[in-house]
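Before any comments, here is the structure.
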Amino acid sequence: MERKVGSSTVTAKEVKAALEKTRTLAAEEEKVLRMRHGAGASSTRAPLPRAAGDNEELGDELLVIEMQLLKAMRARAGGKPVASGNNKQVMTPAAPAPTTKAPAANATKDKIVRALRKKK
């Protein structure tokens, strides 16, 4: 195998610029190129490119879907209060009703706890 005589050196800046322009690489391929050439990721403060591009209607639909998903995720986590719309009302998650032991959930938990205690 012969060596190439006319090879050139690629700088980290060139790799970084090329990676910002291309959209055909997989995430793993991009990571390998950045690591190989020492090209850090573009600014972490920079906004991500929008999937809608210049289509405002599609952008609005995607924003609504994103807001619905965030609201559902927060409600499911039961953590932070979720504001709905522009009316500044804050919805708090409902307190769980006092119930007796849920046999399926506690049985699984008890099984895990017993297994962990045996490991000691």
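Just so it is clear, the values below take in all heavy atoms, side chains as well, and ignore hydrogens, waters and symmetry mates.
Residues that satisfy the side chain to side chain contact (heavy atoms under 4.5 Å, CB included) test with Asn55, not counting sequence neighbours, are Glu57, Leu58. With sequence neighbours excluded, the residues that form a salt bridge (charged side-chain N to carboxylate O under 4.0 Å, His left out) with Glu30 are Arg34. Listed by chain and residue number, Asp110, Lys111 satisfy the side chain to side chain contact (heavy atoms under 4.5 Å, CB included) test with Arg114 (two or more places apart in sequence, or in another chain). Partners of Thr11 under the side-chain hydrogen bond (donor to acceptor under 3.5 Å, both in side chains) rule, at least two apart in sequence or in another chain, do not exist in this structure.
The hydrophobic cluster containing Ile65 also includes Leu69, under a criterion of side-chain heavy atoms closer than 4.5 Å among ILVMFWY residues, counted directly or through chains of members. Grouped with Met67 in one hydrophobic cluster are Leu63, the linkage being side-chain heavy-atom contacts under 4.5 Å among Ile, Leu, Val, Met, Phe, Trp and Tyr residues.
Scanning all heavy atoms of the two residues, the minimum distance from Leu33 to Val15 falls at O-CG1, 4.3 Å.
A heavy-atom distance below 4.5 Å is found between the side chains of Ile112 and Leu116.
The NZ atom of Lys109 sits 6.5 Å away from atom CG of Asn106, with the distance rounded to the nearest 0.5 Å. With rounding to the nearest 0.5 Å, the separation of CD in Glu28 from NZ in Lys31 is 7.5 Å.
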